[in-house]
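The next block holds one structure in the form of structure tokens; read it before the comments.
Numbers restart at 1 for each chain; the letters A, B, ... are given by sequence-line order, proteins then strands. Basis for what follows: all heavy atoms, side chains included, without hydrogens, waters or symmetry-related copies.
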Amino acid sequence: MIVMRKVKQCSLLEFFSNTQQNAHGKYVSEKKEVRKITLSEDRLKKELVVEDGPILLSVDYDGEKECAFAKLYDPESGDIILWWDEEKRHRPYCLTDLKKEIVERLPQIVNHKGFLRLEKVEKIDLLRDRVIKMTKIVAKDPLSIGGRPDSIRELLPEDPHIRGVKRAWEAQIHYHHCFIYDNNLIPGFPHRIEGGILRCAKVDISPKLLEDVLKMLEEEEYKEEYYDVLKRYLPLFLHPTPPIRRAAMDIEVYSPQADRIPDPKKAEFPVISVAFATTDGNDVVLVLKRRDKKADLPEDLPEGVKVEFFDDEKDLLKRTFEILDSYPLILTFNGDNFDLQYLYNRALRLGLRRESIPIVSKKDYMNLRRGCHIDLYRFFSNNAIRVYAFDGVYKDITLDAISEALLGKGKISLEIPIADLEIKDLIRYNYRDAKITLELTQFSDNLVMKLIFLLMRISRLPIEDLTRKGVSKWIQSLFYAEHRIHNYLIPRAEELQQLKGVKSTEAIIKGKKYKGAIVVTPVPGVHFNVTVLDFASLYPSVIKTWNLSYETVRCPHESCKDNRIPETNHWVCKKRKGISSIIIGFLRDIRVKWAKPESKNKELPEELRAWYSVLQRALKVFINASYGVFGAEHFPLFCLPVAESTTAIGRYAITETIKMAKEMNLKVIYGDTDSIFIEQPSAESVQKLIEWSKKELGIELDIDKVYRYVALSERKKNYLGVFEDGTVDIKGLAGKKRNTPLFIQNAFMNVVKMLGEVKSPEDFENAKENIRKIIQDCYLKLKRREFELEELAFRVQLTKPLDSYRKVTPQHVKAARMLKAAGKDVKPGDIISFVKVKGPVGVKPVELARKEEIDVDKYLSHIETAFEQILDALGIEFSEILGTRSLDIFM
DNA sequence: GCGGACTGCTTACCT
DNA sequence: ACAGGTAAGCAGTCCGCG
């Protein structure tokens with residue numbers, strides 16, 4: 001039996017009695033002697049030995065050979081190795097709780113054309129905390145298990161306890177994933193092929209190394225469990241990834257209409273140019289000769305880039321296919337929906353035989369027969385990647401915006417349509433796109449490739465799935481693999497719902513499922529010397545400390561029912577450690593206590609430090625999304641009680657901490673979810689609070705940042721802070737929002753710059769004067785129409801197809817409809833730029849508007865609200881800035 | 001018929 | 001197809017007003 005850390009009320013007096021007074025009367029607590037352990041490169045090499053071998057990139061099902069097959073990358077040769085499970089050692093299957101003898105008498109099963117055999121198996125049923133006997137139904141092919149109306153999973157009898165649900169388990173797991181889990185394969189990690197069998201590479205890891213990492217994690221409660229996962233995961237975290245040989249490809253297609261992108265399904269127009277940027281120095285641009293264009297080369301063609309001209313488009317395609325087939329990995333930007341689709345369909349249209357095309361069209365993506373294909377557009381679109389791995393440095397998902405943000409250089413801007421470009425300009429343009437696509441995977445010593453490999457290892461997903469699917473699928477896959485390793489039965493969503501479909505909190509926002517976090521009402525005004533404390537990954541900590549998991553919250557044991565979760569009617573298991581509690585807690589501890597500190601450890605060689613930094617980011621993605629998935633209905637382990645217990649305990653933690661802070665006479669001026677802002681605290685009291693949290697809540701509270709001053713208005717999630725070095729930290733203010741016109745953004749940034757220079761309350765007077773000038777100047781420019789149209793554009797994203805806006809017609813939709821009427825393609829994800837104009841409609845797309853039409857008054861009021869947010873906080877009235885007298889000047 | 005109060009929709013942000 | 005909470009702007013509706 002394990003004892004869960006219980007949060008108990010603790011008064012200030014009680015708390016202080018745990019500490020001693022020193023000679024000067026100051027309170028000090030016993031400092032734990034923390035031994036600093038660093039794993040030197042040398043130790044890692046000696047104590048963690050991974051057998052050499054080709055790296056597993058992906059596993060799929062080969063419909064023709066009727067077996068699983070794998071693509072591996074051989075670092076020695078730089079080529080792909082293909083492997084088939086030719087002896088069909090592994091077969092598709094599902095499980096049922098019916099006895100084998102019963103299933104044997106079900107004709108629809110045993111006479112099914114795909115039926116192979118039955119096996120008796122034992123599984124651990126976590127939901128009911130017992131071992132159960134089940135029958136494994138093995139079939140010849142995946143579609144016989146599921147995916148058709150007459151698949152075996154549909155033909156099994158109905159579960160007597162759940163209406164409309166069949167007595168089939170684990171039948172919805174894709175076969176290629178099943179193959180990975182059952183054979184303990186780890187995509188992204190070395191493997192070996194021995195006697196026709198594909199196995200994960202042998203790993204030799206010294207127990208001392210494991211012990212030392214365990215010490216670093218300072219974990220007592222979960223020691224045994226951590227030892228088990230650490231042994232399996234440490235090699236995945238530490239084994240280097242190979243530099244993979246690859247080529248990025250981009251194609252250009254002729255289009256008779258400048259703003260219409262050719263339809264890749266029809267592929268009506270010729271491919272006029274294909275560019276390859278490669279890691280092995282074979283960069284080449286394939287160009288179609290055209291009657292009206294001179295076939296000459298750009299003067300500034302980078303060294304080593306070859307250009308090949310073709311008279312016949314068919315030959316150009318054949319050469320393209322030859323190159324595509326010669327790389328283990330092809331990178332594109334939007335290749336799934338355009339480049340590869342276009343090439344594929346164009347080749348068919350021109351009469352090339354299907355077998356001569358190295359491209360395969362899968363259900364929802366494009367792949368290569370031999371190699372693998374990563375569509376970086378899809379990878380960078382992944383919100384978890386954008387936000388957690390890249391700190392949101394890019395907002396728009398375009399090659400231009402992403403490369404601008406990550407590489408510091410963008411696409412070549414075009415003045416004329418692609419079809420009209422001179423050949424040399426076409427070459428330059430086309431090559432640049434391929435080059436930056438490649439560079440997106442090369443910058444910072446191949447950071448993106450390393451990240452992808454690490455994410456593959458942790459999630460156990462093939463490269464194609466990993467780079468195309470969202471974080472919930474990654475976590476799903478990780479959990480499924482862990483279930484299989486421990487022989488746990490993977491529960492069906494319906495039974496989870498039946499057993500755990502209870503909730504006990506109401507959301508504040510209409511339409512949401514349960515209650516979330518607390519936001520403390522800010523104390524408006526300028527506060528000097530502010531320390532921000534925050535819980536280091538609060539929700540994952542809560543999940544770990546409180547043993548939260550789908551099987552432990554509302555567990556089946558009577559004796560656990562007194563182990564209550566605050567603010568809910570839920571209880572949590574005292575007998576068994578939860579699977580998600582262990583995994584999420586482990587990943588969190590690895591990141592917070594090891595990978596992140598090591599990524600900043602100056603004693604380590606640069607390369608190793610950089611590796612920890614990538615690892616730290618990869619873990620961050622999993623950790624940060626791990627709570628959310630339990631509150632997402634489409635997640636197969638969806639469990640409301642887990643999600644709402646997590647936030648409930650989170651609320652409890654911050655509330656208790658604020659209470660404690662106030663008891664200590666600390667001034668709490670703001671807080672959001674896991675942070676509290678304290679004005680002018682003493683170093684001791686902060687330390688005291690941090691120790692209190694660790695001791696009483698079992699959650700680490702850290703100093704997150706220290707501001708010279710913070711300006712708060714009465715608005716939540718809206719503030720401006722200035723660090724000691726003058727850097728300004730802006731949160732939520734309109735001037736920072738993507739859709740705010742640049743005209744306002746720029747003026748806003750000027751004001752912010754002024755505020756960064758403020759060092760003391762006295763400096764404010766000066767700053768105010770300057771701010772006044774900036775805003776007046778902004779006003780004046782508008783009035784005099786001294787602006788570019790683009791500066792005034794609101795840039796709002798279209799989140800769904802135009803015709804599905806039925807309830808209301810927002811302004812950006814109005815503008816988008818005008819664009820469509822003018823013959824431009826508009827689709828979900830597009831950013832619509834529009835300006836406000838005089839007239840009944842009030843808006844126009846920036847492309848169609850003229851300067852004279854601008855509704856200046858509308859913009860004046862936008863300026864007002866944008867600046868009010870800052871001025872409010874500084875205690876300045878907007879009218880004070882544009883006093884009646886100054887307004888007179890403009891009128 | 002018009003304007004203000006109100007609700008709901010949509011987007012972008014914060015944690 | 002991670003979550004909920006907050007702000008802002010606008011669209012659309014209701015209601016009162018002799």
Side-chain angles (χ1 to χ4, degrees), chain A residues 381-385 387-388 392 395-396 468-476 505-522 532 534-540 543 584 621-640 642-648 650-651 654 670-677 704 713-719 729-740 794-800 804-814 816 831-832 834 836 841-843 858 861-862 864-866 868-869 872:
Chain A
S381 301
N382 185 321
N383 215 35
I385 287 295
V387 177
Y388 305 135
K395 290 204 171 83
D396 302 346
R468 288 173 178 82
K469 300 220 147 107
V471 68
S472 72
K473 293 279 186 212
W474 302 357
I475 295 175
Q476 171 188 325
T505 60
E506 288 302 327
I508 289 172
I509 306 170
K510 232 187 244 178
K512 299 286 187 187
K513 297 184 282 287
Y514 59 94
K515 200 173 177 129
I518 285 178
V519 187
V520 180
T521 310
V532 180
D534 80 339
F535 295 108
S537 37
L538 176 64
Y539 290 164
I543 289 172
I584 295 165
V621 178
F622 280 91
I623 292 161
N624 284 356
S626 61
Y627 133 76
V629 292
F630 287 106
E633 282 139 315
H634 57 80
F635 184 63
L637 301 176
F638 167 58
C639 187
L640 258 189
V642 169
E644 68 177 349
S645 296
T646 311
T647 55
R651 290 195 298 278
I654 190 173
Y670 179 60
D672 184 349
T673 313
D674 60 355
S675 67
I676 56 172
F677 288 50
D704 181 30
S713 68
E714 75 288 351
R715 299 168 187 81
K716 295 171 172 177
K717 299 185 187 280
N718 242 273
Y719 62 87
D729 196 19
I730 304 169
K731 299 292 176 185
L733 301 180
K736 196 192 171 184
K737 295 203 175 180
R738 172 175 79 174
N739 53 356
T740 306
F794 290 83
R795 300 179 309 281
V796 180
Q797 191 184 26
L798 204 63
T799 59
K800 45 189 184 180
S804 54
Y805 288 87
R806 296 214 183 80
K807 287 168 181 146
V808 284
T809 314
Q811 297 191 319
H812 68 292
V813 176
K814 284 191 178 124
I831 307 281
I832 309 296
F834 65 89
K836 305 210 171 177
V841 189
V843 293
K858 277 265 162 36
S861 75
H862 273 287
E864 204 168 316
T865 45
E868 241 167 27
Q869 292 182 348
D872 244 35

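- With dA3(C), dA1(C), dC10(C) as the choices, the nucleotide that has an atom nearest any side-chain atom of Lys473(A) turns out to be dA1(C).
- Closest approach to the Arg715(A) side chain among dA11(C), dA8(C), dG4(C) is made by dA8(C) (side chain taken as heavy atoms from C-beta onward).
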Please tabulate, one pair per line, all N/O donor-acceptor pairs under 3.5 Å involving side-chain atoms of residues 510-520 of chain A, not counting sequence neighbours.
unit_1	atom_1	unit_2	atom_2	d
Lys513(A)	NZ	Gly631(A)	O	3.1
Tyr514(A)	OH	Tyr627(A)	OH	3.0

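- Nucleic acid contact for Thr865(A): sugar-phosphate only, since backbone atoms but no base atoms lie under 4.0 Å from a heavy atom of the residue.
- One can find a donor-acceptor pair under 3.5 Å joining the base of dC2(C) and the side-chain atoms of Tyr388(A).
- Contacts of Ile509(A) with the nucleic acid, taken as non-hydrogen atoms under 4.0 Å apart, include base atoms.
- Using a 4.0 Å heavy-atom distance criterion, Lys858(A) is classed as making no nucleic acid contact.
- For the salt bridge (Lys or Arg N to Asp or Glu O under 4.0 Å) test, residues two or more places apart in sequence or in another chain that qualify with Lys469(A) are Asp465(A).
- Within the 4.0 angstrom heavy-atom criterion, only backbone atoms of the sugar-phosphate kind lie near Asn718(A); the bases stay farther away.
- You can see that DNA chain B meets the heavy atoms of chain A within a 4.0 Å-exclusive cut from dG8(B) to dT15(B), reading 5' to 3'.
- Considering Phe635(A), Tyr539(A), Phe638(A) as possible partners of Phe630(A), the one that fulfils the ring-ring contact (aromatic ring centres under 6.0 Å, His included) test is Phe635(A).
- Between Lys717(A) and Arg806(A), the one whose closest nucleotide on DNA chain B sits nearer the 5' end is Arg806(A).
- Regarding contacts with the backbone of dA8(C), a side-chain N or O of Gln869(A) is found under 4.0 angstrom from either OP1 or OP2.
- Closest to the side chain of Ala632(A), from the set dG5(C), dG9(C), dC2(C), is dC2(C).
- Closest to the side chain of Tyr514(A), out of dT6(C), dA1(C), dG4(C), is dG4(C).
- For Lys515(A), the side-chain atoms get nearest to dG5(C) when compared with the rest of dG5(C), dC2(C), dG9(C).
- Residue-level contact check: Tyr805(A) touches the backbone only, with heavy atoms under 4.0 Å from sugar-phosphate atoms and none from bases.
- Note on Ala643(A): nothing from the nucleic acid sits closer than 4.0 angstrom, heavy atoms only.
- With dA11(C), dC2(C), dG5(C) as the candidates, the nucleotide lying closest to the side chain of Ala507(A) is dG5(C).
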